[in-house]
Amino acid sequence: MTDIAKPVLRFAPSPTGMLHIGGARTALFNWLFARHTGGKFLLRIEDTDRERSTPEAVAAIINGLKWLELDWDGEIVFQAARAGRHREVAEQLLASGNAYRCYATAAELDEMRAAQRAAGKPLRYDGRWRDRDPLEAPEGVPFVVRLRAPQTGETIIHDVVQGDVRFANEQMDDMVLLRSDGTPTYMLAVVVDDFDMGITHIIRGDDHLNNAARQMQLIKAMGWPEVIYGHVPLIHGPDGAKLSKRHGALAVEAYRDMGYLPETMRNYLLRLGWSHGNDEIIPTPQAIEWFNLENIGKSPARLDFKKLDNTNAHYLRETADMALADRVAAILAQATPPRTLSQTARERLIKAMPSLKERARTLVELAAAAEFLFSDGPRSLDEAAAKLLTEAAKASMGAFLATLADTEWTAHALEDKARVFAEQNGLKLGQVAQPLRAALTGHTTSPPIFAMLEVLGRDESLSRLRAYAI
RNA sequence: GCUCCCAUCGUCUAGCGGUUAGGACGCGGCCCUCUCAAGGCUGAAACACCGGUUCAAUUCCGGUUGGGAGCGCCA
(Lines give C-alpha, C1' and ligand atoms only; values in the text may rest on other atoms or scores of the structure.)
Protein backbone atom coordinates (compact mmCIF):
# COMPACT_ATOMS: atom_id res chain seq x y z
CA MET A 1 0.00 0.00 0.00
CA THR A 2 1.34 3.43 -0.86
CA ASP A 3 1.21 6.43 1.40
CA ILE A 4 -1.37 7.97 -0.90
CA ALA A 5 -3.85 5.33 0.12
CA LYS A 6 -3.30 5.93 3.84
CA PRO A 7 -5.88 8.09 5.59
CA VAL A 8 -4.72 11.33 7.14
CA LEU A 9 -6.74 12.45 10.14
CA ARG A 10 -6.54 15.51 12.25
CA PHE A 11 -7.77 16.92 15.51
CA ALA A 12 -8.26 20.66 15.21
CA PRO A 13 -9.37 22.29 18.44
CA SER A 14 -9.53 26.01 18.93
CA PRO A 15 -7.57 27.09 21.98
CA THR A 16 -10.30 29.21 23.51
CA GLY A 17 -11.01 26.96 26.46
CA MET A 18 -10.12 23.65 27.98
CA LEU A 19 -10.02 20.31 26.22
CA HIS A 20 -13.35 18.95 27.35
CA ILE A 21 -14.87 15.52 27.15
CA GLY A 22 -16.44 16.03 23.73
CA GLY A 23 -13.19 17.21 22.21
CA ALA A 24 -11.39 14.34 23.85
CA ARG A 25 -13.73 11.86 22.23
CA THR A 26 -13.33 13.51 18.84
CA ALA A 27 -9.57 13.27 19.24
CA LEU A 28 -9.89 9.63 20.30
CA PHE A 29 -11.97 8.66 17.27
CA ASN A 30 -9.57 10.35 14.88
CA TRP A 31 -6.60 8.82 16.63
CA LEU A 32 -8.10 5.33 16.67
CA PHE A 33 -8.97 5.47 13.00
CA ALA A 34 -5.48 6.64 12.09
CA ARG A 35 -3.88 3.93 14.18
CA HIS A 36 -6.30 1.32 12.88
CA THR A 37 -5.55 2.13 9.26
CA GLY A 38 -1.88 2.87 9.68
CA GLY A 39 -2.56 6.42 8.59
CA LYS A 40 -1.58 9.65 10.22
CA PHE A 41 -3.07 11.63 13.08
CA LEU A 42 -2.17 15.31 12.94
CA LEU A 43 -2.77 18.06 15.45
CA ARG A 44 -3.72 21.54 14.36
CA ILE A 45 -4.42 24.39 16.72
CA GLU A 46 -7.05 26.71 15.28
CA ASP A 47 -5.88 29.91 16.81
CA THR A 48 -7.08 32.35 14.20
CA ASP A 49 -9.23 34.12 16.75
CA ARG A 50 -6.40 36.02 18.29
CA GLU A 51 -8.58 37.70 20.84
CA ARG A 52 -9.87 34.55 22.42
CA SER A 53 -6.98 32.17 21.88
CA THR A 54 -4.64 31.80 24.82
CA PRO A 55 -1.33 30.02 25.39
CA GLU A 56 -2.87 28.47 28.50
CA ALA A 57 -5.56 26.83 26.41
CA VAL A 58 -2.99 25.53 23.94
CA ALA A 59 -1.10 24.01 26.85
CA ALA A 60 -4.28 22.54 28.27
CA ILE A 61 -5.07 20.83 24.97
CA ILE A 62 -1.60 19.41 24.67
CA ASN A 63 -1.52 18.26 28.28
CA GLY A 64 -4.95 16.73 27.94
CA LEU A 65 -3.96 14.73 24.88
CA LYS A 66 -0.76 13.64 26.56
CA TRP A 67 -2.60 12.49 29.64
CA LEU A 68 -5.00 10.51 27.47
CA GLU A 69 -1.95 9.11 25.73
CA LEU A 70 -3.17 10.12 22.30
CA ASP A 71 0.03 10.85 20.43
CA TRP A 72 0.01 12.83 17.22
CA ASP A 73 2.26 12.57 14.20
CA GLY A 74 4.59 15.32 13.06
CA GLU A 75 4.69 18.87 14.26
CA ILE A 76 1.71 20.77 15.59
CA VAL A 77 0.30 23.14 12.98
CA PHE A 78 -0.66 26.55 14.26
CA GLN A 79 -3.27 27.96 11.98
CA ALA A 80 -2.57 31.62 12.67
CA ALA A 81 0.93 31.16 11.31
CA ARG A 82 -0.51 30.22 7.94
CA ALA A 83 -2.52 33.38 7.33
CA GLY A 84 -0.36 34.29 4.35
CA ARG A 85 -1.22 31.09 2.56
CA HIS A 86 -4.90 31.53 3.37
CA ARG A 87 -4.85 35.01 1.89
CA GLU A 88 -3.11 33.68 -1.17
CA VAL A 89 -5.97 31.26 -1.77
CA ALA A 90 -8.49 34.04 -1.34
CA GLU A 91 -6.62 36.02 -3.97
CA GLN A 92 -6.79 33.06 -6.32
CA LEU A 93 -10.52 32.83 -5.78
CA LEU A 94 -10.85 36.53 -6.46
CA ALA A 95 -8.82 36.21 -9.64
CA SER A 96 -10.87 33.26 -10.88
CA GLY A 97 -14.12 35.07 -10.18
CA ASN A 98 -15.12 32.61 -7.46
CA ALA A 99 -14.98 35.34 -4.88
CA TYR A 100 -15.75 39.03 -4.77
CA ARG A 101 -15.27 42.09 -2.65
CA CYS A 102 -18.10 43.20 -0.43
CA TYR A 103 -18.11 46.73 0.95
CA ALA A 104 -21.09 46.40 3.24
CA THR A 105 -20.36 47.67 6.73
CA ALA A 106 -21.08 45.79 9.92
CA ALA A 107 -23.80 48.27 10.81
CA GLU A 108 -25.36 47.84 7.41
CA LEU A 109 -25.43 44.06 7.83
CA ASP A 110 -26.88 44.29 11.31
CA GLU A 111 -29.66 46.37 9.87
CA MET A 112 -30.18 43.82 7.12
CA ARG A 113 -30.50 40.97 9.61
CA ALA A 114 -32.83 42.93 11.83
CA ALA A 115 -35.09 43.52 8.86
CA GLN A 116 -34.96 39.85 7.90
CA ARG A 117 -35.77 38.83 11.43
CA ALA A 118 -38.66 41.27 11.56
CA ALA A 119 -40.01 39.91 8.30
CA GLY A 120 -39.63 36.36 9.54
CA LYS A 121 -37.17 35.61 6.79
CA PRO A 122 -34.04 33.51 7.06
CA LEU A 123 -31.01 35.39 8.25
CA ARG A 124 -28.44 35.48 5.53
CA TYR A 125 -26.32 37.86 3.52
CA ASP A 126 -28.41 39.13 0.65
CA GLY A 127 -25.61 39.29 -1.90
CA ARG A 128 -25.80 43.04 -2.33
CA TRP A 129 -22.25 43.25 -3.68
CA ARG A 130 -22.21 39.96 -5.50
CA ASP A 131 -23.14 41.31 -8.90
CA ARG A 132 -22.40 44.92 -8.40
CA ASP A 133 -19.97 46.51 -10.80
CA PRO A 134 -16.56 46.69 -9.08
CA LEU A 135 -16.32 50.23 -10.47
CA GLU A 136 -18.99 51.26 -7.99
CA ALA A 137 -16.68 50.32 -5.17
CA PRO A 138 -16.15 53.19 -2.79
CA GLU A 139 -12.66 54.55 -2.71
CA GLY A 140 -10.46 53.67 0.27
CA VAL A 141 -13.18 51.82 2.14
CA PRO A 142 -12.42 48.47 3.75
CA PHE A 143 -13.99 45.40 2.21
CA VAL A 144 -14.33 41.72 2.96
CA VAL A 145 -13.88 38.96 0.41
CA ARG A 146 -16.82 36.64 0.00
CA LEU A 147 -17.17 33.36 -1.81
CA ARG A 148 -19.36 33.53 -4.91
CA ALA A 149 -21.30 30.44 -3.91
CA PRO A 150 -23.61 28.60 -6.29
CA GLN A 151 -27.22 29.74 -5.93
CA THR A 152 -28.95 26.79 -7.50
CA GLY A 153 -28.68 23.08 -7.14
CA GLU A 154 -27.62 21.43 -3.94
CA THR A 155 -24.53 20.53 -2.02
CA ILE A 156 -24.47 16.98 -0.74
CA ILE A 157 -22.31 15.76 2.09
CA HIS A 158 -21.78 12.03 1.97
CA ASP A 159 -21.34 11.73 5.68
CA VAL A 160 -20.01 8.41 6.95
CA VAL A 161 -21.98 8.80 10.15
CA GLN A 162 -25.12 10.66 9.15
CA GLY A 163 -25.53 9.40 5.62
CA ASP A 164 -26.20 11.74 2.70
CA VAL A 165 -27.11 15.19 3.89
CA ARG A 166 -28.45 17.59 1.29
CA PHE A 167 -28.38 21.35 1.42
CA ALA A 168 -30.12 23.55 -1.14
CA ASN A 169 -27.53 26.03 -2.35
CA GLU A 170 -30.09 28.82 -2.43
CA GLN A 171 -30.34 28.70 1.32
CA MET A 172 -26.65 29.33 1.85
CA ASP A 173 -25.25 32.80 1.59
CA ASP A 174 -21.87 33.99 0.39
CA MET A 175 -19.57 33.46 3.32
CA VAL A 176 -16.75 35.76 4.26
CA LEU A 177 -13.31 34.45 3.36
CA LEU A 178 -11.18 37.44 4.30
CA ARG A 179 -12.14 39.97 6.93
CA SER A 180 -11.89 43.65 6.26
CA ASP A 181 -8.52 43.70 8.01
CA GLY A 182 -7.31 41.09 5.55
CA THR A 183 -7.21 38.18 7.98
CA PRO A 184 -8.68 34.84 6.95
CA THR A 185 -11.81 33.45 8.51
CA TYR A 186 -12.16 30.02 10.02
CA MET A 187 -14.01 28.68 6.99
CA LEU A 188 -11.22 29.60 4.64
CA ALA A 189 -8.44 28.54 6.97
CA VAL A 190 -9.91 25.10 7.67
CA VAL A 191 -10.37 24.20 4.05
CA VAL A 192 -6.96 25.46 3.00
CA ASP A 193 -5.18 23.76 5.89
CA ASP A 194 -6.97 20.48 5.41
CA PHE A 195 -5.95 20.52 1.76
CA ASP A 196 -2.36 21.48 2.46
CA MET A 197 -2.05 18.89 5.21
CA GLY A 198 -3.43 16.21 2.93
CA ILE A 199 -6.37 15.47 5.21
CA THR A 200 -8.54 12.67 3.84
CA HIS A 201 -11.09 12.19 6.63
CA ILE A 202 -12.64 14.73 8.94
CA ILE A 203 -14.24 13.26 12.03
CA ARG A 204 -15.64 16.02 14.18
CA GLY A 205 -18.61 17.16 16.22
CA ASP A 206 -22.10 17.31 14.87
CA ASP A 207 -22.11 21.05 15.39
CA HIS A 208 -20.03 21.36 12.23
CA LEU A 209 -22.44 19.54 9.97
CA ASN A 210 -23.90 22.75 8.60
CA ASN A 211 -20.42 24.12 8.06
CA ALA A 212 -19.50 21.09 6.03
CA ALA A 213 -21.75 22.21 3.21
CA ARG A 214 -20.11 25.60 2.99
CA GLN A 215 -16.67 24.12 3.24
CA MET A 216 -17.56 21.78 0.44
CA GLN A 217 -18.53 24.75 -1.73
CA LEU A 218 -15.11 26.22 -1.12
CA ILE A 219 -13.39 22.94 -1.87
CA LYS A 220 -15.25 22.74 -5.14
CA ALA A 221 -14.48 26.33 -6.01
CA MET A 222 -10.80 25.48 -5.65
CA GLY A 223 -11.18 22.22 -7.51
CA TRP A 224 -9.64 20.31 -4.62
CA PRO A 225 -10.38 16.66 -3.80
CA GLU A 226 -13.37 16.13 -1.56
CA VAL A 227 -12.62 14.98 1.96
CA ILE A 228 -14.70 12.34 3.70
CA TYR A 229 -16.77 13.73 6.53
CA GLY A 230 -18.03 11.99 9.63
CA HIS A 231 -20.07 14.12 12.02
CA VAL A 232 -20.28 12.60 15.45
CA PRO A 233 -23.25 13.51 17.65
CA LEU A 234 -22.42 15.67 20.60
CA ILE A 235 -22.21 14.45 24.15
CA HIS A 236 -24.85 15.82 26.47
CA GLY A 237 -24.73 16.27 30.21
CA PRO A 238 -26.36 13.80 32.61
CA ASP A 239 -29.57 15.84 32.41
CA GLY A 240 -29.73 15.64 28.65
CA ALA A 241 -28.98 19.27 28.10
CA LYS A 242 -25.99 20.60 26.33
CA LEU A 243 -22.75 20.17 28.21
CA SER A 244 -22.06 23.16 30.34
CA LYS A 245 -19.37 24.16 32.76
CA ARG A 246 -21.58 22.91 35.54
CA HIS A 247 -21.63 19.34 34.47
CA GLY A 248 -19.35 17.33 32.29
CA ALA A 249 -17.75 20.06 30.25
CA LEU A 250 -14.78 19.78 32.50
CA ALA A 251 -11.25 19.79 31.28
CA VAL A 252 -10.05 16.24 30.81
CA GLU A 253 -7.56 16.99 33.52
CA ALA A 254 -10.46 17.31 35.93
CA TYR A 255 -11.19 13.65 35.29
CA ARG A 256 -7.59 12.87 36.11
CA ASP A 257 -7.99 14.75 39.38
CA MET A 258 -11.20 12.89 40.16
CA GLY A 259 -9.16 9.71 40.05
CA TYR A 260 -9.93 8.23 36.65
CA LEU A 261 -7.30 6.43 34.63
CA PRO A 262 -6.52 7.41 31.05
CA GLU A 263 -7.28 3.88 29.85
CA THR A 264 -10.69 4.21 31.52
CA MET A 265 -11.39 7.42 29.68
CA ARG A 266 -10.42 5.92 26.36
CA ASN A 267 -12.62 2.88 26.89
CA TYR A 268 -15.59 4.82 28.23
CA LEU A 269 -15.43 7.54 25.59
CA LEU A 270 -15.12 4.93 22.88
CA ARG A 271 -18.32 3.23 24.02
CA LEU A 272 -20.07 6.56 24.15
CA GLY A 273 -21.06 6.61 20.52
CA TRP A 274 -19.30 3.61 19.09
CA SER A 275 -20.03 -0.05 19.51
CA HIS A 276 -18.73 -3.46 18.70
CA GLY A 277 -21.64 -5.77 19.40
CA ASN A 278 -22.06 -6.30 23.11
CA ASP A 279 -18.46 -5.61 24.05
CA GLU A 280 -18.03 -3.19 26.91
CA ILE A 281 -14.48 -3.60 28.09
CA ILE A 282 -12.33 -2.73 25.13
CA PRO A 283 -8.70 -2.06 25.99
CA THR A 284 -6.98 0.32 23.61
CA PRO A 285 -5.01 -2.27 21.60
CA GLN A 286 -8.28 -4.07 20.93
CA ALA A 287 -9.94 -0.77 20.10
CA ILE A 288 -7.29 0.00 17.52
CA GLU A 289 -7.88 -3.37 15.94
CA TRP A 290 -11.66 -3.02 15.87
CA PHE A 291 -12.33 0.65 15.32
CA ASN A 292 -14.16 1.72 12.22
CA LEU A 293 -16.32 4.59 11.08
CA GLU A 294 -19.38 2.49 10.26
CA ASN A 295 -20.18 1.69 13.87
CA ILE A 296 -20.23 5.25 15.11
CA GLY A 297 -23.72 5.90 16.45
CA LYS A 298 -26.00 8.59 15.09
CA SER A 299 -27.73 9.70 18.25
CA PRO A 300 -26.35 11.89 21.02
CA ALA A 301 -25.16 10.31 24.24
CA ARG A 302 -25.18 11.38 27.84
CA LEU A 303 -22.42 11.20 30.33
CA ASP A 304 -22.98 8.59 33.03
CA PHE A 305 -20.59 8.81 35.93
CA LYS A 306 -21.85 5.54 37.40
CA LYS A 307 -20.73 3.65 34.37
CA LEU A 308 -17.52 5.64 34.21
CA ASP A 309 -16.89 4.54 37.79
CA ASN A 310 -17.57 0.95 36.93
CA THR A 311 -15.21 1.07 33.99
CA ASN A 312 -12.56 2.71 36.11
CA ALA A 313 -12.95 0.05 38.79
CA HIS A 314 -12.20 -2.51 36.13
CA TYR A 315 -9.03 -0.83 34.94
CA LEU A 316 -7.93 -0.14 38.50
CA ARG A 317 -7.96 -3.87 39.16
CA GLU A 318 -5.95 -4.47 36.02
CA THR A 319 -3.25 -1.98 36.86
CA ALA A 320 0.01 -3.06 38.51
CA ASP A 321 0.33 -2.31 42.24
CA MET A 322 3.42 -0.16 41.91
CA ALA A 323 1.91 1.93 39.13
CA LEU A 324 -1.22 2.43 41.20
CA ALA A 325 0.83 3.47 44.21
CA ASP A 326 2.51 6.08 42.02
CA ARG A 327 -0.87 7.39 40.86
CA VAL A 328 -2.13 7.57 44.41
CA ALA A 329 1.00 9.44 45.43
CA ALA A 330 0.39 11.87 42.57
CA ILE A 331 -3.20 12.42 43.69
CA LEU A 332 -2.03 13.06 47.24
CA ALA A 333 0.59 15.49 46.01
CA GLN A 334 -2.18 17.40 44.23
CA ALA A 335 -4.30 17.59 47.35
CA THR A 336 -4.65 20.74 49.40
CA PRO A 337 -2.54 20.79 51.38
CA PRO A 338 -0.17 18.60 49.35
CA ARG A 339 0.86 15.40 51.05
CA THR A 340 3.75 13.07 50.57
CA LEU A 341 3.94 9.44 51.57
CA SER A 342 6.60 8.23 53.95
CA GLN A 343 8.67 5.27 52.86
CA THR A 344 6.78 3.09 55.34
CA ALA A 345 3.43 4.33 54.09
CA ARG A 346 4.40 3.62 50.51
CA GLU A 347 5.52 0.10 51.34
CA ARG A 348 2.28 -0.60 53.19
CA LEU A 349 0.30 0.86 50.32
CA ILE A 350 1.93 -1.43 47.83
CA LYS A 351 1.50 -4.48 50.06
CA ALA A 352 -2.17 -3.70 50.62
CA MET A 353 -2.80 -2.74 47.01
CA PRO A 354 -4.16 -6.09 45.79
CA SER A 355 -7.07 -5.90 48.22
CA LEU A 356 -7.35 -2.13 48.07
CA LYS A 357 -7.70 -1.84 44.30
CA GLU A 358 -10.40 -4.44 44.21
CA ARG A 359 -12.58 -2.17 46.32
CA ALA A 360 -12.08 1.24 44.76
CA ARG A 361 -13.78 2.91 41.87
CA THR A 362 -11.41 5.83 41.61
CA LEU A 363 -7.91 6.63 42.72
CA VAL A 364 -9.38 9.18 45.07
CA GLU A 365 -11.48 6.50 46.73
CA LEU A 366 -8.50 4.23 46.84
CA ALA A 367 -6.39 6.88 48.53
CA ALA A 368 -9.12 7.48 51.10
CA ALA A 369 -9.50 3.77 51.81
CA ALA A 370 -5.75 3.49 52.33
CA GLU A 371 -5.64 6.38 54.75
CA PHE A 372 -5.22 4.16 57.82
CA LEU A 373 -1.95 2.88 56.39
CA PHE A 374 -0.33 6.27 56.14
CA SER A 375 0.32 7.14 59.77
CA ASP A 376 1.20 5.26 62.94
CA GLY A 377 -0.49 4.97 66.29
CA PRO A 378 -3.99 4.36 67.63
CA ARG A 379 -6.87 5.34 65.37
CA SER A 380 -9.63 7.75 66.13
CA LEU A 381 -12.93 6.00 65.59
CA ASP A 382 -15.68 7.08 63.29
CA GLU A 383 -19.23 6.91 64.60
CA ALA A 384 -20.00 3.39 63.46
CA ALA A 385 -16.68 2.06 64.72
CA ALA A 386 -17.18 3.67 68.12
CA LYS A 387 -20.62 2.15 68.38
CA LEU A 388 -19.27 -1.25 67.48
CA LEU A 389 -16.56 -1.20 70.14
CA THR A 390 -18.78 -1.94 73.13
CA GLU A 391 -17.31 -2.86 76.47
CA ALA A 392 -18.01 -6.48 75.67
CA ALA A 393 -16.31 -6.19 72.32
CA LYS A 394 -13.28 -4.55 73.91
CA ALA A 395 -13.06 -7.27 76.51
CA SER A 396 -13.41 -9.95 73.91
CA MET A 397 -10.69 -8.30 71.85
CA GLY A 398 -8.42 -8.18 74.88
CA ALA A 399 -8.94 -11.87 75.47
CA PHE A 400 -8.18 -12.58 71.86
CA LEU A 401 -4.98 -10.53 71.90
CA ALA A 402 -3.80 -12.58 74.85
CA THR A 403 -3.83 -15.67 72.64
CA LEU A 404 -1.50 -14.16 70.06
CA ALA A 405 1.74 -14.16 72.01
CA ASP A 406 3.63 -16.68 69.91
CA THR A 407 1.61 -16.34 66.74
CA GLU A 408 3.42 -15.89 63.47
CA TRP A 409 2.19 -12.47 62.22
CA THR A 410 0.70 -13.49 58.91
CA ALA A 411 -2.84 -13.14 57.65
CA HIS A 412 -3.23 -16.87 57.49
CA ALA A 413 -1.98 -17.63 60.98
CA LEU A 414 -3.93 -14.75 62.52
CA GLU A 415 -7.11 -15.84 60.86
CA ASP A 416 -6.62 -19.37 62.14
CA LYS A 417 -6.21 -18.01 65.66
CA ALA A 418 -9.32 -15.92 65.31
CA ARG A 419 -11.36 -18.87 64.13
CA VAL A 420 -10.19 -21.00 67.03
CA PHE A 421 -10.87 -18.19 69.48
CA ALA A 422 -14.33 -17.65 68.05
CA GLU A 423 -15.20 -21.30 68.25
CA GLN A 424 -13.97 -21.66 71.81
CA ASN A 425 -16.01 -18.67 72.91
CA GLY A 426 -19.12 -19.46 70.97
CA LEU A 427 -18.69 -16.46 68.69
CA LYS A 428 -18.98 -16.00 64.99
CA LEU A 429 -15.83 -15.00 63.19
CA GLY A 430 -17.38 -11.64 62.41
CA GLN A 431 -17.78 -10.91 66.10
CA VAL A 432 -14.04 -11.25 66.50
CA ALA A 433 -13.08 -9.58 63.25
CA GLN A 434 -15.24 -6.46 63.44
CA PRO A 435 -13.83 -5.08 66.71
CA LEU A 436 -10.35 -5.70 65.34
CA ARG A 437 -11.26 -3.79 62.21
CA ALA A 438 -12.69 -0.89 64.15
CA ALA A 439 -9.64 -0.58 66.37
CA LEU A 440 -7.13 -1.14 63.60
CA THR A 441 -8.62 1.17 60.98
CA GLY A 442 -11.08 3.37 62.86
CA HIS A 443 -13.80 2.26 60.47
CA THR A 444 -16.26 -0.60 60.14
CA THR A 445 -15.27 -1.34 56.58
CA SER A 446 -11.82 -2.05 55.24
CA PRO A 447 -9.94 -4.57 53.18
CA PRO A 448 -9.78 -8.06 54.75
CA ILE A 449 -8.73 -7.47 58.32
CA PHE A 450 -6.19 -10.28 58.74
CA ALA A 451 -4.36 -9.19 55.61
CA MET A 452 -4.28 -5.67 56.97
CA LEU A 453 -2.87 -6.88 60.27
CA GLU A 454 -0.07 -8.46 58.31
CA VAL A 455 0.54 -5.33 56.27
CA LEU A 456 0.81 -3.17 59.39
CA GLY A 457 3.00 -5.66 61.21
CA ARG A 458 2.90 -6.94 64.76
CA ASP A 459 4.10 -3.88 66.63
CA GLU A 460 1.97 -1.31 64.87
CA SER A 461 -1.08 -3.58 64.93
CA LEU A 462 -0.79 -4.34 68.63
CA SER A 463 -0.26 -0.71 69.45
CA ARG A 464 -3.53 0.16 67.73
CA LEU A 465 -5.50 -2.76 69.12
CA ARG A 466 -4.30 -2.37 72.69
CA ALA A 467 -5.50 1.21 72.66
CA TYR A 468 -9.06 -0.14 72.71
CA ALA A 469 -8.75 -3.64 74.16
CA ILE A 470 -9.58 -4.25 77.77
C1' G B 1 -38.31 32.19 12.31
C1' C B 2 -35.18 29.31 8.68
C1' U B 3 -31.74 25.03 7.69
C1' C B 4 -29.69 20.47 9.30
C1' C B 5 -29.27 16.14 12.61
C1' C B 6 -31.30 12.64 16.10
C1' A B 7 -35.27 9.16 18.58
C1' U B 8 -34.77 0.85 21.56
C1' C B 9 -35.08 -0.22 29.29
C1' G B 10 -33.42 5.62 33.93
C1' U B 11 -28.28 5.67 31.18
C1' C B 12 -24.72 3.53 27.28
C1' U B 13 -26.06 0.35 23.48
C1' A B 14 -27.01 -4.64 20.13
C1' G B 15 -30.61 -5.20 16.37
C1' C B 16 -29.76 -4.01 9.96
C1' G B 17 -38.50 -7.23 7.75
C1' G B 18 -40.26 -12.72 10.90
C1' U B 19 -36.19 -12.38 17.96
C1' U B 20 -39.41 -14.92 24.33
C1' A B 21 -36.30 -7.37 21.60
C1' G B 22 -29.98 -9.16 23.71
C1' G B 23 -25.82 -7.07 26.69
C1' A B 24 -23.62 -3.38 30.12
C1' C B 25 -24.15 0.43 34.13
C1' G B 26 -27.53 1.54 37.89
C1' C B 27 -31.67 -0.49 41.00
C1' G B 28 -34.20 -5.02 43.89
C1' G B 29 -33.59 -10.23 45.65
C1' C B 30 -30.61 -14.63 46.63
C1' C B 31 -25.76 -17.13 47.12
C1' C B 32 -20.72 -16.46 48.78
C1' U B 33 -18.58 -13.94 53.00
C1' C B 34 -14.57 -11.20 58.90
C1' U B 35 -16.81 -5.70 56.95
C1' C B 36 -16.87 -3.49 52.22
C1' A B 37 -16.13 -4.78 47.47
C1' A B 38 -15.55 -8.45 43.72
C1' G B 39 -17.89 -12.78 41.72
C1' G B 40 -22.25 -16.13 40.62
C1' C B 41 -27.60 -16.62 40.05
C1' U B 42 -31.96 -13.83 39.59
C1' G B 43 -36.03 -9.78 39.21
C1' A B 44 -38.16 -5.15 37.53
C1' A B 45 -37.19 -2.03 33.27
C1' A B 46 -37.47 0.03 26.35
C1' C B 47 -38.88 -0.09 20.49
C1' A B 48 -42.16 8.31 21.49
C1' C B 49 -46.89 8.88 18.56
C1' C B 50 -49.91 8.57 13.95
C1' G B 51 -50.29 7.06 9.15
C1' G B 52 -48.60 4.27 5.08
C1' U B 53 -45.47 0.06 2.23
C1' U B 54 -45.49 -5.30 3.09
C1' C B 55 -48.12 -11.76 4.10
C1' A B 56 -45.14 -9.52 8.13
C1' A B 57 -42.68 -3.79 10.91
C1' U B 58 -38.32 -1.90 16.38
C1' U B 59 -36.37 -2.38 11.44
C1' C B 60 -38.42 0.87 5.05
C1' C B 61 -41.28 5.75 3.76
C1' G B 62 -44.14 10.23 5.31
C1' G B 63 -46.00 13.23 9.14
C1' U B 64 -46.47 14.67 14.46
C1' U B 65 -44.16 15.33 18.97
C1' G B 66 -39.79 15.68 21.66
C1' G B 67 -34.44 16.60 21.95
C1' G B 68 -29.94 18.75 19.72
C1' A B 69 -26.92 21.77 16.39
C1' G B 70 -26.27 25.83 13.09
C1' C B 71 -27.94 30.52 10.97
C1' G B 72 -21.14 36.33 12.53
C1' C B 73 -15.89 40.25 9.41
C1' C B 74 -16.24 33.32 16.42
C1' A B 75 -14.12 28.85 15.80
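Fair warning: this is a prediction, and the values are worked out from it, not measured in the lab. Side-chain atoms are counted along with the backbone in the values below, which use heavy atoms only and exclude waters and symmetry mates. Reminder, nothing fancy here: chain letters follow the sequence lines and each chain counts from 1.
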Open item on the list: Can you build the contact string for nucleotides 29-44 of chain B? Use B for base contact, S for sugar-phosphate-only contact, and - for no protein heavy atom under 4.0 Å.
Closed with: -----BBBBS------
Task: Distance between P atoms of rG18(B) and rA24(B) (Å, rounded) - done: 24 Å
TODO: Between rU58(B) and rU19(B), how far apart are the P atoms? Round to whole Å, please.
DONE: 9 Å
Open item on the list: Using ring centroids (six-membered ring only for Trp), state whether F11(A) and W72(A) fall under 6.0 Å.
Closed with: no
- [ ] Give a yes or no on whether E170(A) atom CD has more than 12 heavy-atom contacts from other residues, nucleotides or ligands under 6.0 Å away.
- [x] no
Open item on the list: Please classify the nucleic acid contact of N211(A) as base, sugar-phosphate, or nothing, using heavy-atom distances under 4.0 Å.
Closed with: base
TODO: Using the six-membered ring wherever Trp is involved, compare the ring planes of Y186(A) and H208(A) and label them parallel, tilted or perpendicular (cut-offs 30° and 60°).
DONE: tilted
Task: Whole-Å C1' distance, rG68(B) and rG17(B) - done: 30 Å
Distances for protein N/O vs nucleotides 14-20 of chain B N/O pairs under 3.5 angstrom?
from, atom 1, to, atom 2, distance (Å)
rA14(B), OP1, S275(A), OG, 2.8

Open item on the list: Within the 4.0 Å heavy-atom criterion, would you say V144(A) contacts the bases, only the backbone, or no part of the nucleic acid?
Closed with: base
Open item on the list: As a test of reading the structure: which of rA24(B), rC25(B), rA75(B) is closest to the side chain of E280(A), going by heavy atoms?
Closed with: rA24(B)
Pick out the pairs of N or O atoms, protein on one side and nucleotides 2-9 of chain B on the other, that lie under 3.5 Å.
from, atom 1, to, atom 2, distance (Å)
rU3(B), O2', Q171(A), NE2, 3.0
rC5(B), O3', Q162(A), OE1, 3.0
rC5(B), O2', Q162(A), OE1, 3.1
rC6(B), OP1, K298(A), NZ, 3.1

Open item on the list: Once you apply a heavy-atom cut-off of 4.0 Å, does A118(A) come out as touching a base, just sugar-phosphate, or nothing?
Closed with: nothing
- [ ] Would you classify R214(A) as touching base, sugar-phosphate or nothing, given that sugar-phosphate means primed atoms plus P, OP1 and OP2, and contacts are heavy atoms under 4.0 Å?
- [x] nothing
- [ ] Considering only atom P, compute the distance from rC27(B) to rG66(B) and round it to an integer number of Å.
- [x] 33 Å
Open item on the list: Are L356(A) and L349(A) packed together at the side-chain level, in the sense that at least one heavy-atom pair is separated by less than 4.5 angstrom?
Closed with: yes
Open item on the list: Please report the distance separating the C1' of rA46(B) from the corresponding atom of rC5(B), rounded so that it comes out in whole Å.
Closed with: 23 Å
TODO: Check whether any side-chain nitrogen or oxygen of T185(A) sits under 4.0 Å from OP1 or OP2 of rC73(B), and answer yes or no.
DONE: no
Task: Test of ring centre spacing under 6.0 Å for Y260(A) and Y315(A) - done: no
Open item on the list: Distance to the ring centre below 6.0 angstrom and angle to the axis at most 45 degrees; does that hold for R146(A) and Y125(A)?
Closed with: yes
Open item on the list: Using the C1' atom as the point on both nucleotides, what is the distance between rU54(B) and rC60(B), in whole Å?
Closed with: 10 Å
TODO: Specify the residue among Y186(A) and A301(A) whose closest nucleotide of RNA chain B lies further upstream toward the 5′ end.
DONE: A301(A)
Task: Counter-base of rC16(B), judged by Watson-Crick or G-U geometry with both distances under 3.5 Å - done: none
Open item on the list: Taking rC9(B) as the reference, what is the distance to rA48(B) when you measure between their P atoms (whole Å, please)?
Closed with: 7 Å
Open item on the list: Distance check, P atoms only: rC36(B) and rG28(B), in whole angstrom units.
Closed with: 14 Å
Open item on the list: Given rA24(B), rG70(B), rG10(B), identify the nucleotide with an atom nearest to the side chain of D304(A).
Closed with: rG10(B)
TODO: Between rG23(B), rG72(B), rA75(B), spot the one nearest the side chain of R113(A), thanks.
DONE: rG72(B)
- [ ] For this output row, return yes or no: ring centroids of H201(A) and F33(A) closer than 6.0 angstrom.
- [x] yes
Open item on the list: Please classify the nucleic acid contact of H443(A) as base, sugar-phosphate, or nothing, using heavy-atom distances under 4.0 Å.
Closed with: nothing
Task: S180(A) side-chain proximity, nearest of rA75(B), rC73(B), rC12(B) - done: rC73(B)
Open item on the list: Students often get this wrong, so: under 4.0 angstrom with heavy atoms, is T48(A) touching a base, only sugar-phosphate, or nothing?
Closed with: sugar-phosphate
